Amino acid sequence: MAQNLKDLAGRLSAGPRGMGTALKLLLGTSAMAYGVRESVFTVEGGHRAIFFNWISGVQQDTILVEGLHFRIPWFQYPIIYDIQARSRKISFPIDGEYLPASAVSTQCSGAS
């Protein structure tokens, strides 16, 4: 059984000529694509981002606006905040001695 496995491994490793180069090229291209994918991020509209660096901590002097940004993979990662102003509806019941029970509501804008 062990001899059969050794024979099979020998046949697989002796593939067609140039197969090793193609495999190295494929692995190199895949590693490069993964690195580019990990180094690019997008900040959507209505959001802002700051960088957290594993070496020096939060970079407070850099506030990233919406758009495409680059980072150093595995050392920096963005912390994205939502800064959109949203309106909020506030309602409260009014119950008086001489008034019927009713509710008053108002809508206010502001950060939530």
Side-chain angles (χ1 to χ4, degrees):
M1 181 71 177
Q3 185 62 32
N4 289 339
L5 289 175
K6 287 180 182 178
D7 290 340
L8 179 63
R11 279 186 261 149
L12 288 177
S13 65
R17 187 175 169 105
M19 183 69 130
T21 306
L23 185 61
K24 289 177 186 176
L25 185 63
L26 179 66
L27 288 175
T29 305
S30 299
M32 172 125 4
Y34 178 74
V36 168
R37 182 180 165 271
E38 287 294 315
S39 66
V40 174
F41 69 98
T42 304
V43 178
E44 300 292 329
H47 293 76
R48 296 291 184 267
I50 59 173
F51 273 134
F52 178 80
N53 190 336
W54 284 103
I55 297 170
S56 62
V58 176
Q59 296 177 352
Q60 295 178 353
D61 58 339
T62 305
I63 298 176
L64 304 170
V65 296
E66 60 262 0
L68 185 68
H69 300 281
F70 297 97
R71 68 184 183 107
I72 302 171
W74 306 288
F75 288 108
Q76 294 177 326
Y77 72 88
I79 301 172
I80 300 175
Y81 293 100
D82 183 9
I83 61 164
Q84 297 174 351
R86 293 198 172 97
S87 61
R88 179 188 271 184
K89 186 175 183 180
I90 300 173
S91 62
F92 49 92
I94 295 179
D95 190 19
E97 185 177 338
Y98 300 108
L99 298 173
S102 62
V104 174
S105 62
T106 182
Q107 188 170 0
C108 61
S109 298
S112 57

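Heavy-atom basis, side chains included; hydrogens, waters and symmetry copies ignored. Since the model is a prediction, treat every value here as computed from it, not as a measurement.
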Within a 6.0 Å radius of atom CD1 on I63, are there more than 12 heavy atoms belonging to other residues, nucleotides or ligands?
no
In this structure, are over 12 heavy atoms from other groups packed under 6.0 Å from W54 atom CH2?
no
Main-chain N/O of E38 paired to R71 side chain as donor or acceptor, under 3.5 Å:
yes
Does the pair I83 and H47 meet the rule for a side-chain contact (heavy atoms from CB on, under 4.5 Å), with working shown?
CA-CA 5 Å; I83 61 164; H47 293 76; 5.7 Å; no
Might you point out which heavy atoms bring Q59 and I50 nearest each other, and give the distance in Å?
O-CB, 4.5 Å
So which heavy atom on S105 is nearest to which on K89, and how close?
OG-CE, 3.6 Å
In this structure, would I79 and L64 fall into the same cluster of hydrophobic residues linked by side-chain contacts under 4.5 Å?
no
Would you compute the distance between atom CD of Q107 and atom CZ of R88 and round it to the nearest 0.5 angstrom?
12.0 Å
In terms of heavy-atom contacts, T42 and I80 come closest through O-CD1, 4.2 Å
Assign the ring pair F51 / F41 to parallel, tilted or perpendicular, where the plane angle (0 to 90°) is split at 30° and 60°.
perpendicular
Between CZ of F75 and OG of S39, what distance do you get to the nearest 0.5 Å?
13.5 Å
In short, C108 meets I90 closest at the heavy-atom pair SG-CD1, 3.8 Å
Measure across E66 and E44 and return the closest heavy-atom pair with its distance rounded to 0.1 Å.
CB-O, 3.5 Å
